[in-house]
Amino acid sequence: MKYHVDDRGYYGDFGGAFIPEMLYPNVEELRQNYLKLMYQDDFQKEFHQLLKDYVGRPSPLYFANRLSEKYNCKVYLKREDLNHTGAHKVNNTIGQILMAKKLGKKRIIAETGAGQHGVATATVCALMGIDCVVYMGEIDIARQAPNVARMKMLGATVKPALSGSRTLKDATNEAIRDWINNPVDTHYIIGSAIGPHPYPDMVTRFQSVISEEIKWQLKEKEGRELPDYVVACIGGGSNAAGTYYHFLDEKEVGIIAVEAAGKGVNSGESAATSKLGKEGIIHGCKTLLMQTKDGQITEPYSISAGLDYPGVGPLHSHLYKSGRGEFYSATDDEAMEAGLELTQLEGIIPAIETSHALALFKYKTFKPDDVVVISLSGRGDKDLQTYIDYFKL
Ligand SMILES: *Cc1c(COP(=O)(O)O)cnc(C)c1O
């Protein structure tokens, strides 16, 4: 079984590029150039220099002593929460802004739901002095005011998406429309391992610095490069893809994904895409997708805005269907409890997205000598109000 993307942009049955004819030149330009540009020496040098000096990489691999004791195994946390801007997303936006410059683009567009990807994009645009337009649903603009303010302060223009449910899906449609109208000077920075080929593969490669570091960090700490398990939460699947990447072909490394079950997998209010999804097309790729019998996309729900996506990246659909990955889903309540537990055992307040990965211990028991590496995808500052309301702090 092959787990990396093939020449046609497929992971098994999933992936590809299902795009309107008018988008073809933009996507094709990227497809023909991304690998060539990304692996040029000067690109790699600048990318790694920025990851080091601007983002603060390598992010620590932290042995979580008290968490390990409680769950009777060896838990390591990959501290993406310590990155500049507070999550893994910046690894991808740094990579893509360099790609945009190589392609001679003068303007960046992006979509955002909760605003995290919008902030990571506005940040690298400020860094490079490039114009930035972020599309965001009108409803999301109202509920994510601090991130809207951050983007504006960083110099980005935030354009409201006024159609449909006025959330992420509609913002994405607006961004695609913009790209069709500005094919020559604009690059579209997609925020997760989703979209038409080559985006899932490109985003995964930029995020793969996570598993590259885990290998040498684990070698230092445990005397071996391979953990027994790697664990990540999945929205679109970019922190997960980066955490799994260098272990995909290592059969002895177990791959574990945790999705958002919202109020329960069968409650009608969840984002448990692999469990509930059927094959369909969203944002230019064929993947597992929550939909009605006649193919209308179902509104997803999760307490964490970053997991609130009705599809999942094509790599993950393949990992699920092929059985290479073990998929679990955690409810809002389970995630919130797991977030509080990490805070009180280790003194780390995680993003609520990340708390879903930590809820895995409710479902799976490990052996005492199992080395379990969990992607701590982001910090909880942005979620403080949700924690306050939930726990009545
Ligand atoms: C956006 C986000 C996620 C979900 O996105 P993926 O592409 O699935 O990684 C997870 N954790 C944090 C902290 C995020 O900001």
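All of these numbers come straight from a predicted model, not from anything done at the bench. In what follows, every heavy atom counts, from backbone to side chain, and hydrogens, waters and symmetry copies are set aside. Counting starts at 1 for both ligands and their atoms, following the listed order.
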Engineer: Heavy-atom contacts with Ala351 under 4.0 Å: which atoms of ligand 1 show up? List them by number with element.
Structural biologist: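 In order of number, 13 (C).
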Engineer: To which protein heavy atom is atom 11 (N) of ligand 1 closest, and what is the distance rounded to 0.1 Å?
Structural biologist: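 Checking every protein heavy atom, the shortest distance to atom 11 (N) of ligand 1 gives Ser377 OG, 2.8 Å.
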Engineer: Assess whether a salt bridge exists between Asp178 and Arg107, defined as any Lys/Arg side-chain N lying under 4.0 Å from an Asp/Glu carboxylate O.
Structural biologist: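 Looking at Asp178 and Arg107, the cut-off is met.
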Engineer: Any Lys/Arg nitrogen of Glu69 or Arg66 sitting under 4.0 Å from an Asp/Glu carboxylate oxygen of the other?
Structural biologist: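 No, this pair does not count.
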Engineer: Considering only heavy atoms of Gly378, which atoms of ligand 1 have at least one such atom less than 4.0 Å away?
Structural biologist: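 Under 4.0 Å from Gly378, ligand 1 has these atoms: 13 (C).
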Engineer: Distance under 6.0 Å and angle within 45° of the ring axis: does Lys74 meet both against Tyr76?
Structural biologist: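 Because its charged atom misses either the 6.0 Å distance or the 45° angle limit, Lys74 does not stack over Tyr76.
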Engineer: Do the side chain of Thr331 and the main chain of Ala261 share a donor and acceptor less than 3.5 angstrom apart?
Structural biologist: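 No, Thr331 side chain to Ala261 backbone: no donor-acceptor pair under 3.5 Å.
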Engineer: Tyr301 ring centre to Lys263 NZ or CZ under 6.0 Å, with the angle to the axis within 45°?
Structural biologist: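 Yes, a cation-pi geometry.
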Engineer: Show me which atoms of ligand 1 lie under 4.0 Å from any heavy atom of Gly235.
Structural biologist: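 Checking each atom against Gly235, I get 8 (O).
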Engineer: Checking the side chain of Asp383 only, and the main-chain atoms of Ala351 only, is there a donor and an acceptor separated by less than 3.5 Å?
Structural biologist: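 Not a single qualifying donor-acceptor pair exists.
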Engineer: Given 3.5 Å as the limit, does a donor-acceptor pair link the side chain of Lys275 with the main chain of Phe327, or not?
Structural biologist: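 Yes, Lys275 side chain to Phe327 backbone: donor-acceptor pair under 3.5 Å.
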Engineer: Tell me whether ligand 1 is touched by His88 - counting only heavy atoms on the residue side and a distance under 4.0 Å.
Structural biologist: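 It does; at least one heavy atom falls under 4.0 Å.
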Engineer: Show the atoms of ligand 1 that are less than 4.0 angstrom away from any heavy atom in Glu353.
Structural biologist: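 So the atoms of ligand 1 that pass are 3 (C), 10 (C), 11 (N), 12 (C).
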Engineer: Can you check whether Cys233 has an N/O within less than 3.5 Å of an N/O in ligand 1?
Structural biologist: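 There is no such contact.
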Engineer: What do you reckon, does Gly237 have a nitrogen or oxygen under 3.5 Å from a nitrogen or oxygen of ligand 1?
Structural biologist: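 Indeed, backbone or side chain, Gly237 has an N or O that close.
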Engineer: Distance to 0.1 Å, residue and atom name: give those for the protein heavy atom nearest to atom 4 (C) of ligand 1.
Structural biologist: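 So the nearest neighbour among protein heavy atoms is Gly306 O, 3.4 Å.
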Engineer: For ligand 1, which atoms have a heavy atom of Ser238 less than 4.0 angstrom away?
Structural biologist: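 It comes down to these atoms of ligand 1: 6 (P), 7 (O), 8 (O), 9 (O).
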Engineer: Using a strict threshold of under 4.0 Å (side-chain N to carboxylate O), is an ion pair present between Lys362 and Glu337?
Structural biologist: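 Not counted as a salt bridge, because no side-chain N and carboxylate O are separated by less than 4.0 Å.
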Engineer: Side chain or backbone, does Thr354 bring an N or O within less than 3.5 Å of an N or O on ligand 1?
Structural biologist: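 No, Thr354 has no N/O under 3.5 Å of an N/O on ligand 1.
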Engineer: Between Lys89 and ligand 1, which residue portion shows a heavy-atom distance shorter than 4.0 Å: side chain, backbone, both, or neither?
Structural biologist: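 Only the side chain of Lys89 comes within reach of ligand 1.
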Engineer: When you check the gap from the basic side-chain N to the acidic O, do Glu346 and Lys70 get nearer than 4.0 Å?
Structural biologist: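 So Glu346 does not pair with Lys70 through a salt bridge.
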Engineer: Closer than 4.0 Å to some heavy atom of Ser192 - which atoms of ligand 1 meet that?
Structural biologist: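 Selected atoms, number and element: 6 (P), 7 (O).
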